[in-house]
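What follows is a short report on a single structure.
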Amino acid sequence: MSDSSQIKRIAIVGGGTAGWMAASILARSLPGTGCVITVIESPEIGTVGVGEATIPPIIDLLRLLNINEGDFVRHTQATYKLGIKFTDWTRTGHSYWHPFGAFGTMINLRPFFHAWHKAKAANLAPRFNDYSLCAALGDAGKFRFPDATAQGPAAGLRYALHFDASLVAQYLRSYSERLGVTRREATVAQVTLREDGFIDELLFSDGSRLQADLYIDCSGFRGVLVEGALKTGYINWSEWLPCDRAVALPTELPAHRPPFTEANCRAAGWRWRIPLQHRMGNGYVYSSAHISDSEALDDLLSAVPEKPSADPRFLRFVTGRRKLLWNRNCVALGLASGFLEPLESTSIHLVMSGAYKLLEHFPNLSFAQENIDSYNNEVIQEIERIRDFIVLHYRTGRSDTPLWQHCQSMQLPASLQERIELYRRTGRIRYKAGELFTDLSWFYIFDGIGMLPESYDPLIDVVTVEQLQEILKSIAQANAAAANGVPSHDSYFAIGTKPR
Ligand SMILES: Cc1cc2nc3c(=O)[nH]c(=O)nc-3n(C[C@H](O)[C@H](O)[C@H](O)COP(=O)(O)OP(=O)(O)OC[C@H]3O[C@@H](n4cnc5c(N)ncnc54)[C@H](O)[C@@H]3O)c2cc1C
């Protein structure tokens with residue numbers, strides 16, 4: 001490939017989490033290519049200012065970027081997350097976990113959840129927390145790091161972070177600037193296109209301009225390039241994910257910071273609680289067709305015991321995705337690419353994952369359409385599988401309010417309906433390699449919302465009920481041993497102690 005066909009200039013529009021995360025990943029991965037990366041941040045247009053919960057691949061990103069985890073945790077006021085606890089989703093007072101990490105152990109090469117079903121069918125009354133170290137530690141308000149050298153549950157533990165998204169953007173900005181990324185404070189006022197429809201140049205409100213080969217749209221919901229300039233179009237998924245608003249309210253800290261995200265089901269949506277080192281994040285994600293903004297705020301205020309530390313912030317969104325995530329010489333990442341509501345903390349992950357896929361499909365100036373199609377196919381598959389996973393949460397048994405009645409009767413995406421039918425008949429979960437949410441994650445939600453399979457994998461029957469009872473006992477003992485002596489989650493953030 002000749003040098004003249006290489007991408008030499010990348011312009012990233014947007015300096016929120018998406019913009020700086022993309023800049024960090026690209027700057028770390030493209031050294032020596034002579035590629036100049038510029039991030040354009042508008043001094044007038046703020047960031048969305050929410051996005052506090054992540055999933056375990058965030059830890060892998062820190063490793064990839066060679067960022068010291070303890071340093072990152074200190075600077076972003078982060079706490080540790082062992083999973084999500086869902087309360088009141090099936091009925092008031094009921095809760096279930098989507099924990100990270102291992103659940104029991106494989107039996108006859110079959111996933112443990114088949115043994116779980118068998119144990120239930122045999123009236124062994126298995127207790128969930130005996131087989132999930134993350135859930136057990138979470139409920140006890142404790143936290144430990146995984147121990148790869150240990151045998152048993154401590155090796156299978158996984159965790160993620162809760163962090164202050166604005167501080168993360170600042171941290172990644174410093175990181176990127178150290179790697180040579182240029183920051184430009186300017187507001188894109190106009191975008192000119194070439195004759196072939198590719199983006200030619202950005203014109204800023206101060207009269208200056210910038211030309212690049214590859215443009216990355218991280219401008220948030222606006223989608224200044226992908227929609228504003230390229231008119232890519234949007235696919236709306238609100239028929240399945242009807243929540244379209246949120247109100248966020250930071251408060252003072254409670255007495256203890258739980259090591260998990262709490263997602264509490266409400267009449268017209270759900271509420272989150274996310275602990276950080278310096279504050280508590282709270283919010284209500286709701287459907288504007290079923291509750292007004294002021295009612296949603298009242299509901300949130302009534303449930304939050306701590307004193308607010310800032311004014312409530314209302315946000316509007318439409319769940320869905322751009323028709324194309326890569327259009328001509330523009331790749332959309334973050335909110336510019338679309339939005340799945342935050343129930344499973346997947347948005348920031350999709351930024352990372354989109355940036356990794358961009359590297360796998362890194363173009364030259366010919367912008368081969370086959371390459372662009374391949375990127376779009378991969379990203380669309382990933383987003384649609386995550387969409388199905390989130391929609392499943394809404395198929396909870398609850399039907400006491402108009403929103404929940406709608407959710408029980410709505411026609412599901414065919415891809416989700418297929419998964420549900422397979423699970424209902426066989427207890428099996430169709431899972432393709434590389435999918436973000438594994439069969440285990442799907443099981444947690446199926447089981448949590450009370451969807452019972454008619455049967456379980458017959459290969460589990462190599463163990464008798466008596467043998468299974470012994471296996472369950474030994475797993476529970478191993479979990480209890482791994483939880484023994486584990487410090488409180490709070491102790492990691494006490495004055496004078498350092499996260500690792
Ligand atoms: C209610 C809610 C809760 C959420 N919770 C989570 C969560 O728990 N976990 C999670 O992973 N994600 C969550 N998200 C999503 C998460 O907030 C975003 O994915 C993430 O913050 C990335 O945002 P962004 O950088 O794409 O956009 P933004 O933060 O909006 O940044 C946009 C940037 O573009 C710039 N810009 C805009 N227009 C122009 C212009 N014309 N010229 C120049 N610059 C411009 C702005 O200045 C800004 O810097 C949540 C979202 C919402 C709405």
Side-chain angles (χ1 to χ4, degrees), residues 11-23 38-55 57-58 61 81 84 160-170 172-173 183-191 202-206 208 210 215-229 243-249 261-263 269-274 276 281-286 296 300 312-319 332-355 386 390 436:
I12 300 177
V13 175
T17 319
W20 286 113
M21 195 170 262
T38 308
V39 173
I40 298 113
E41 249 184 294
S42 166
E44 290 123 34
I45 304 166
T47 61
V48 71
V50 280
E52 298 166 327
T54 63
I55 50 178
I58 192 75
L61 174 71
K81 170 177 170 183
I84 305 177
L161 301 174
H162 294 128
F163 52 42
D164 179 326
S166 312
L167 296 178
V168 169
Q170 276 175 35
L172 295 178
R173 173 185 157 190
R183 174 174 176 267
R184 188 152 165 180
E185 247 185 50
T187 303
V188 176
Q190 209 187 322
V191 180
L202 307 179
L203 309 179
F204 300 116
S205 54
D206 61 6
S208 62
L210 180 80
Y215 294 86
I216 303 190
D217 190 346
C218 295
S219 65
F221 287 127
R222 285 176 179 78
V224 171
L225 308 185
V226 71
E227 201 56 60
C243 290
D244 57 353
R245 302 233 175 134
V247 52
L249 182 72
T261 303
E262 188 179 328
W270 61 278
R271 278 194 311 237
W272 80 75
R273 277 202 28 108
I274 298 178
L276 305 184
N282 307 276
Y284 189 176
V285 175
Y286 55 95
L300 184 59
R313 184 143 181 228
F314 288 90
L315 298 127
R316 293 168 175 227
F317 53 84
V318 181
T319 47
L333 292 176
L335 298 173
S337 67
F339 185 54
L340 286 168
E341 62 135 275
L343 190 52
E344 281 284 352
S345 327
T346 42
S347 216
I348 292 170
H349 174 80
L350 282 169
V351 175
M352 286 163 45
S353 162
I386 296 175
I390 298 176
L436 177 61

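Note that these values count all heavy atoms, side chains included, but never hydrogens, waters or copies made by symmetry. Numbering of residues begins at 1 and proceeds along the displayed sequence. Whatever order the structure lists ligands and atoms in, that order sets their numbers, starting from 1.
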Test of proximity, [X] against ligand 1: N or O pairs below 3.5 Å:
{"X": "Ser347", "answer": "yes"}
{"X": "Val50", "answer": "yes"}
{"X": "Ile45", "answer": "yes"}
{"X": "Leu335", "answer": "yes"}

Per-atom contacts of ligand 1 with [X], taking only distances under 4.0 Å to non-hydrogen atoms:
{"X": "Glu52", "result": "7 (C), 8 (O)"}
{"X": "Val224", "result": "38 (N), 41 (N)"}
{"X": "Ala53", "result": "7 (C), 8 (O), 9 (N), 10 (C), 11 (O)"}
{"X": "Ala246", "result": "1 (C)"}
{"X": "Ser345", "result": "9 (N), 11 (O)"}
{"X": "Gly334", "result": "26 (O)"}
{"X": "Cys218", "result": "32 (C), 33 (C), 34 (O)"}
{"X": "Ile348", "result": "10 (C), 11 (O), 12 (N)"}

Which is closest to [atom] by heavy-atom distance: [options]?
{"atom": "atom 42 (N) of ligand 1", "options": "Leu315, Leu333, Leu350, Val188", "result": "Val188"}
{"atom": "atom 45 (C) of ligand 1", "options": "Cys243, Gly16, Ser42", "result": "Ser42"}
{"atom": "atom 25 (O) of ligand 1", "options": "Gly283, Ala18, Gly15", "result": "Ala18"}
{"atom": "atom 21 (O) of ligand 1", "options": "Thr17, Val13, Ile58", "result": "Thr17"}

Would you check if Leu340 and Ser347 make a side-chain contact, meaning some heavy-atom pair closer than 4.5 Å?
-> no
Considering only heavy atoms, does Ala169 approach ligand 1 within less than 4.0 Å through its side chain, its backbone, both, or neither?
-> neither
Heavy-atom contact under 4.0 Å between Pro43 and ligand 1?
-> no
Test item, Phe339 contacting ligand 1 (heavy atom, 4.0 angstrom) | yes
Asn282 and its side-chain hydrogen bond (donor to acceptor under 3.5 Å, both in side chains) partner, picked from Arg273, Arg271, Glu262 | Arg273
